[in-house]
Structure formats: C-alpha cells, structure tokens
Peer 1: 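Pasting in a structure now, in structure tokens, and then I'll have a few things to ask.
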Number of protein chains: 2
Amino acid sequence: MTTDVFAVLADPHRRKVLELVAARERTAGELAAEFDVSRPAVSRHLRVLKEAGLVTCRQDAQRRIYRLDPGPLTEVTGWIERMSGYWAGRLSALEAHLDANPEAPR
Amino acid sequence: MTTDVFAVLADPHRRKVLELVAARERTAGELAAEFDVSRPAVSRHLRVLKEAGLVTCRQDAQRRIYRLDPGPLTEVTGWIERMSGYWAGRLSALEAHLDANPEAPR
DNA sequence: CAGTTACGTAAGCTTGCGGTTACATATGCG
DNA sequence: CGCATATGTAACCGCAAGCTTACGTAACTG
C-alpha cells in the first residue's frame with residue numbers, strides 16, 4: 001500500500017480527482033466521466049487516494065460519493081516549510097557573510 | 001525530461017537530497033555518501049532535480065557544488081492553497097446551508 | 001605526462017505503476 | 001425474481017523509472 005502522500009500526488013489524474021472533489025463531492029461515475037482513461041483505472045486511483053486518506057467515501061445506494069480530506073496535505077506543506085526554513089537560515093548566514101565582507105555592496 | 005515538480009518530489013531519495021542542500025550546499029560526492037545507492041544513481045537524481053530547477057550547480061575544480069533553489073516549490077504550495085481554497089469555499093457553502101436549514105443546531 | 005580524484009554518461013536489467021478487458025458484487029426497479 | 005445501474009476486483013500487459021556495472025572526461029597533483 002502506497003501511503004506516501006508525495007507519491008500519491010505524483011500522478012496528474014489523481015491531482016485532477018482531488019481538484020474535482022475539492023469543489024464539491026462527486027460520485028465515482030461523475031469522476032470517471034471527466035477522464036479519458038477507463039473507469040477501472042479511475043477506480044484504482046480512487047482507492048489509492050482513499051488509502052492515503054486524501055478522500056473519504058460514503059455510500060448512497062449503488063453510488064459511492066467521494067469527498068476531499070485535505071488533512072494529509074499538511075505533510076507536504078510541512079515538509080516544504082521546513083525546507084524553506086532551512087533555506088532562509090542558510091540565506092541569512094550568507095547575508096551575514098556578505099555584511100562582514102562587503103566586496104559587492106548593493 | 002520530467003519537468004513535473006510533483007513527480008520529481010515523489011522519490012524519497014530526491015527529497016532527501018533537497019533536505020541536505022537546504023541547510024548548506026554540498027558536493028555531489030558528499031551527497032552520494034549519504035545514500036545507500038550507487039553514486040551514478042545519485043548523479044541521475046541530481047540531474048532530474050537540476051532539470052526541474054530545484055537545484056543549481058556550480059563547478060569548483062573537479063567538484064560540482066549543488067545548492068537548493070526552492071523556487072519551483074511554489075507550484076506545489078500554490079496548488080495546495082488553491083485546493084484548500086476550494087475546500088474552504090465548499091465548507092462555507094455547507095455552513096450557509098446548515099445556517100439556512102438549522103435542523104441539527106450546534 | 002602519468003596517476004588520482006571527482007563526476008557524469010551509456011547500456012542493460014528489473015520492478016512497479018498505470019492501463020485495459022473481463023468478471024464479480026450490490027442496490028434499485030418493474 | 002430478473003434486469004439495469006453503479007462500482008469495485010482480478011488478471012494480465014507494456015513501459016517508464018530507478019539501479020548497477022562499466023566507461024568516458026575534466027581537473028588537480030607530483
């Protein structure tokens with residue numbers, strides 16, 4: 001089971017599914033109609049998204065209605081923020097260095 | 001050439017490279033030493049990262065020194081923010097509906 | 001210049017992922 | 001109950017992605 005959110009987001013079809021369910025919940029059929037690939041393929045993507053916790057699914061008669069759960073996305077934003085944090089720290093170190101060695105003043 | 005930032009971030013090795021260069025720039029050899037895979041494998045990851053614009057590379061004698069460029073990450077954060085925006089809109093629509101039909105008041 | 005260091009590239013192999021077709025399951029309907 | 005609708009599962013296939021080994025290429029070093 002692929003539980004890595006980054007890997008799940010790597011597929012454009014899955015990202016489009018998320019965009020679609022972000023606005024309003026949709027049935028599997030409605031979602032499948034938006035893609036050029038076969039319905040089983042979409043069904044697999046939905047399973048992957050569900051396993052990753054990015055969508056939830058409730059049943060209404062024969063239909064399965066999918067809804068976005070943006071929770072796991074915090075793993076991504078958190079990682080990027082940490083990166084940017086380190087990056088900012090590195091930059092300020094560079095600035096300190098440039099301040100101490102002003103050979104190319106702005 | 002894979003220019004899709006999401007796909008580039010899908011690989012854990014590449015994410016670790018980014019984490020490593022986020023703190024301070026590193027040579028290809030330093031980076032390779034941090035992984036259990038062969039050096040050519042790391043070299044390929046570096047190429048992918050470079051093509052995606054996530055790292056830059058300058059040469060110092062025989063060494064290649066890699067540095068983070070967080071710029072392309074905005075594509076990811078932007079996408080997630082848009083998602084969250086739609087999500088929030090959907091939520092407020094739900095809230096409006098609940099306000100208009102208060103059959104389960106809080 | 002010959003040897004070493006530090007990398008990247010090429011070629012080939014393997015595996016995993018996404019796709020399709022065919023089938024199973026479950027619910028509503030007459 | 002029998003049929004249609006809606007959807008997931010199974011089995012199989014092809015290809016792209018990542019890994020490895022072997023080799024090519026600069027640049028420093030004595």
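Below, read A as the first sequence line, B as the second, and so on, with proteins coming before strands; counting in each chain starts at 1.
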Peer 1: Tell me the interatomic distance from Asp60(A), atom CG, to dG8(D), atom P, rounded to whole angstroms.
Peer 2: 13 Å

Peer 1: Could you tell me whether the phosphate oxygens of dG18(D), OP1 or OP2, come under 4.0 Å of any side-chain nitrogen or oxygen in Arg14(B)?
Peer 2: yes

Peer 1: Atom CZ of Phe35(B) to atom C1' of dT20(D): distance rounded to whole Å?
Peer 2: 17 Å

Peer 1: Look only at the side chain of Glu30(B) and the backbone of Thr27(B), and say whether a donor-acceptor pair between them is shorter than 3.5 Å.
Peer 2: yes

Peer 1: Between dG8(C) atom P and Arg63(B) atom CZ, what is the distance in whole Å?
Peer 2: 13 Å

Peer 1: Just call it for Ala41(A): base, sugar-phosphate, or nothing, with non-hydrogen atoms closer than 4.0 Å on any strand.
Peer 2: base

Peer 1: Please check: side-chain N/O of Lys16(B) versus main-chain N/O of Asp11(B), any donor-acceptor pairing under 3.5 Å?
Peer 2: no

Peer 1: Begin from the C-alpha positions of Glu51(A) and Thr3(A) and carry the test side-chain contact (heavy atoms from CB on, under 4.5 Å) through to its verdict.
Peer 2: CA-CA 7 Å; Glu51(A) 285 173 350; Thr3(A) 189; over 6 Å; no

Peer 1: Using a cut-off of less than 4.0 Å, is there contact between a side-chain N or O of Ser38(A) and OP1 or OP2 of dT20(C)?
Peer 2: yes

Peer 1: In the single-linkage hydrophobic clustering (I, L, V, M, F, W, Y; side-chain heavy atoms under 4.5 Å), do Trp79(A) and Ile80(B) co-cluster?
Peer 2: yes

Peer 1: Between Leu54(A) and Leu68(A), what is the shortest heavy-atom contact and its length?
Peer 2: O-CD1, 3.5 Å

Peer 1: Could one point to a donor on the side chain of Arg39(A) or the base of dG8(D) with an acceptor on the other under 3.5 Å away?
Peer 2: yes

Peer 1: Of the nucleotides dT20(C), dT7(D), dT9(C), which has the atom closest to the Ser43(B) side chain?
Peer 2: dT9(C)

Peer 1: Dump the intermediate steps for side-chain contact (heavy atoms from CB on, under 4.5 Å) on Asp4(A) and Arg15(B), then the final yes or no.
Peer 2: CA-CA 12 Å; Asp4(A) 178 2; Arg15(B) 289 203 298 275; 3.2 Å; yes

Peer 1: Hey, which sits more toward the 5' end of DNA chain C by its nearest nucleotide, Ile65(B) or Arg64(A)?
Peer 2: Ile65(B)

Peer 1: Please check if the side chain of Arg39(A) supplies one atom and the backbone of Ala32(A) the other of a donor-acceptor pair under 3.5 Å.
Peer 2: no

Peer 1: Base, sugar-phosphate, or nothing for Tyr66(B), non-hydrogen atoms under 4.0 angstrom?
Peer 2: sugar-phosphate

Peer 1: Looking at His45(B), I'd like to know whether one of its side-chain N or O atoms comes within less than 4.0 Å of OP1 or OP2 on dA17(D).
Peer 2: no

Peer 1: Can you tell which of dT20(C), dC7(C), dT20(D) lies closest to the side chain of Pro40(B)?
Peer 2: dT20(D)

Peer 1: How about Thr77(B) and Val76(A): do any of their side-chain heavy atoms sit closer than 4.5 Å?
Peer 2: no

Peer 1: Would you say Arg47(A) reaches dT9(D)'s phosphate, i.e. side-chain N/O to OP1/OP2 under 4.0 Å?
Peer 2: yes

Peer 1: Taking only N/O atoms, report every protein-nucleotides 11-13 of chain C pair under 3.5 Å with atom names and distance.
Peer 2:
none

Peer 1: Grab the CG-P distance between Leu49(A) and dT7(D) for me, whole Å please.
Peer 2: 16 Å

Peer 1: In whole angstrom, give the distance that lies between atom NE2 of His13(B) and atom P of dG16(C).
Peer 2: 14 Å

Peer 1: What's the CG-C1' distance between Leu46(B) and dA6(C), to the nearest Å?
Peer 2: 13 Å

Peer 1: Pick out the pairs of N or O atoms, protein on one side and nucleotides 25-27 of chain D on the other, that lie under 3.5 Å.
Peer 2:
none

Peer 1: Could you tell me whether a side-chain N or O of Arg26(B) sits under 3.5 Å from a main-chain N or O of Leu20(B), the two making a donor and an acceptor?
Peer 2: yes

Peer 1: Rounded to the Å, how far apart are Asp11(A) CG and dC17(C) P?
Peer 2: 11 Å

Peer 1: List the steps and the verdict of side-chain contact (heavy atoms from CB on, under 4.5 Å) for Val42(B) and His13(B).
Peer 2: CA-CA 8 Å; Val42(B) 177; His13(B) 289 150; over 6 Å; no

Peer 1: What is the distance, to the nearest angstrom, from the CG atom on Asp4(B) to the P atom on dA16(D)?
Peer 2: 16 Å

